[in-house]
Amino acid sequence: MKNHEIASLFERIADIMELKGENTFRINSYRKAARVIGDLTEDIEEIAKTQKLTDIPGIGKGTAEKIIEYINTGKMSKYEEVKKGVSEETVGLMQIPGLGPKTVSLLSRELGIVGLRDLENALQAGKLKGLFGIGEKKIENIAKGIELFKISQQRISIGLAYPIVKRIIAELQRNPHMKDIQAAGSLRRMRETVGDIDILVSGAKGAEIVKAFANMRGVTQVLAAGDTRGSVRVEEGVQVDVRVVCEDDFGSALQYFTGSKEHNIHLREIAKKKGFKINEYGIFKGDKKVGGRFEQEIYRILGMDWIPPELRENRGEIEAAQKGTLPNLIKLSDIKGDLHNHSNWSDGTPTLEEMAVHAMKMGYQCLAVSDHSRSLHVANGLKEEELLEEIEEIDRLNKKFNGFTLLKASEVDIKADGTLDYPDKLLEKLDVVVASIHSGFKQGREKITERMVAAIHNHYVNIIAHPTGRLISKREGYEIDMDKVIGACSETGTALEINCYYDRLDLNDINCRKAKESGVMIAISTDAHHVDQMWMMELGVGIARRGWVEKKNVINTLFIDKLKAFCLKKRGRNKRSDPEI
DNA sequence: GCCGTTTTCGGCCCGACTGTTTTCAGTCG
């Protein structure tokens, strides 16, 4: 699939054009094209074949031609043309906070600065002084920007940011001056990574609230503390911003600060056409404020349903809200069990009973114990006879429980040749079989896809765990043809997992939506190795919501008998089709 | 370069902040 390549090519074209000072609207249309192509769930080559490229909003005749040229020749003449005389490194300088296209272009033109090292040298040598439009303060800010750029290169997983936000909100809620409080930004949208944390507060005494915020425990550095805005760094290293608005503006401010940028732009275009204006202070008809206390008002006034924050990425949610066809997104309270967990039988810390007790506290009706299989020595994988013993232990425990079931399961390794780590006769004794890849990551796309598809076709495999194997900010996933994997799952009645563990979150939102659209069932599972990790179900549900997933698409929202039936159906289906069994 | 319930031309989101210059350009979210 060339979607990603083509999207980043358009993004690069936009960056270079920006640096060259070309028409802003033209630049924006390249950015828009990059964005929609990056978000597509279908293969762009397939769309091109059916000549439907221009049906994609933001893709017109010109862009379509460029896409087709790239598909056919592997090159895009527009890109070749714009990049002449510009270094990639120079374009990269625009990533530095405070440095936009104008300044970078000036530095490059006047001082011959190409990359970061040149810039640092020029700063050191005091060469920036005296350039038109650049004063003392600007030079200082560029130096600060470079520092910030170096630190903030990494976004952190939402799994790390989420507990920080919970802690801060709990602390601020004790402040008597405060009315409303809500996390905004990419965290509220449940993006898998966040750059910084935004918290929005309403209340009359802004300065008091900001002061309390700056004095919270866990704050290591106060970056700013004014009447309406505070900015701190906390011990986990993340920057947290708080903004205080008056109660009457809270809804519109929340809408504004939640984003995404693309969603807000699209919404404001619609507002404008209808004769309204939206900003962080409200929605206005002429000079008259017609809403702003609640976020819902804004969407309602614009003639659409309220859009859950997780969908606000300008991926068709606005059109769906206008038509009243938004999905009825899954909720955390819909989850009835967790289907991928590890006990102290393999590499987890809790006993089976501790896991069960915690699951009951969470209101679940079942929990699958899916310890590792024999080949995974590093994770103390269970030998066949050990798994049989564990099954007996689970049977014993289940007799003690009332209205709760520990499901017999295993996270079985998919070996390099696509076979499974346990024989079928052993898998047959399990309620749920979770299969996954833990080795041979470098096999190559075709081989690894074949291997995965072979496992999916096994009669006993119910769930494919962490389907791409990626670790956020640590490891790219193995190369795999997700369309083929989804196709095989759809054909065989196999579910794909959203692994909730904070550095996996795999499937991601885009693949998740693709799976849903192909009718593949989803399992949202924590992969917990400790009971304290089971809360991460919240993260997985967030990713599912970003993938437009509804309760009916998720197997662990099913009552236990239905869940067992789902798992058994695959075995039955194969038995019927294979007379030898 | 895209788009159309002011449709084939003319507009394209909005406001705050900062710094530099003296009325506004650049950058950011």
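Residue numbering restarts at 1 for every chain, and letters A, B, ... go by the order of the sequence lines. Please read these numbers as outputs of a predicted model, since none were measured by experiment.
Residue A:Tyr256 places a side-chain atom within donor-acceptor reach of the base of B:dG29, judged by atom type and a 3.5 Å distance cut-off alone.
Note on A:Leu99: only backbone sugar-phosphate atoms sit closer than 4.0 angstrom, heavy atoms only; bases stay farther off. Using a 4.0 Å heavy-atom criterion, one finds that A:Ile134 contacts the sugar-phosphate atoms exclusively. Here A:Ile270 lies out of heavy-atom contact (under 4.0 Å) with every strand. Within 4.0 Å (heavy atoms only), A:Lys274 reaches no atom of the nucleic acid at all. Contact annotation for A:Thr24: no contact, since no heavy-atom pair falls under 4.0 Å across all strands. A:Asp198 comes within 4.0 angstrom of no nucleic acid atom, judged by non-hydrogen atoms across all strands. Across all strands shown, A:Lys32 has no heavy atoms under 4.0 Å from either base or sugar-phosphate atoms.
What separates NZ of A:Lys102 from C1' of B:dT18 is a distance of 18 Å, to the nearest Å. Put simply, OH on A:Tyr79 is 17 Å from P on B:dG1, counting in whole angstrom units.
A distance-only check finds no donor-acceptor pair linking the side chain of A:Asn499 to the backbone of A:Arg504 [under 3.5 Å].
The same atom, P, is picked in B:dT21 and in B:dA16; the two are 24 Å apart, to the nearest Å.
Side-chain contact annotation: A:Asp241 with A:Gln239, donor-acceptor N/O pair under 3.5 Å present.
A:Arg513 and A:Glu310 are not joined by a salt bridge, as no carboxylate oxygen comes within less than 4.0 angstrom of a charged side-chain nitrogen.
The distance from atom CD1 of A:Ile13 to atom CD of A:Glu22, rounded to the nearest 0.5 Å, is 10.5 Å.
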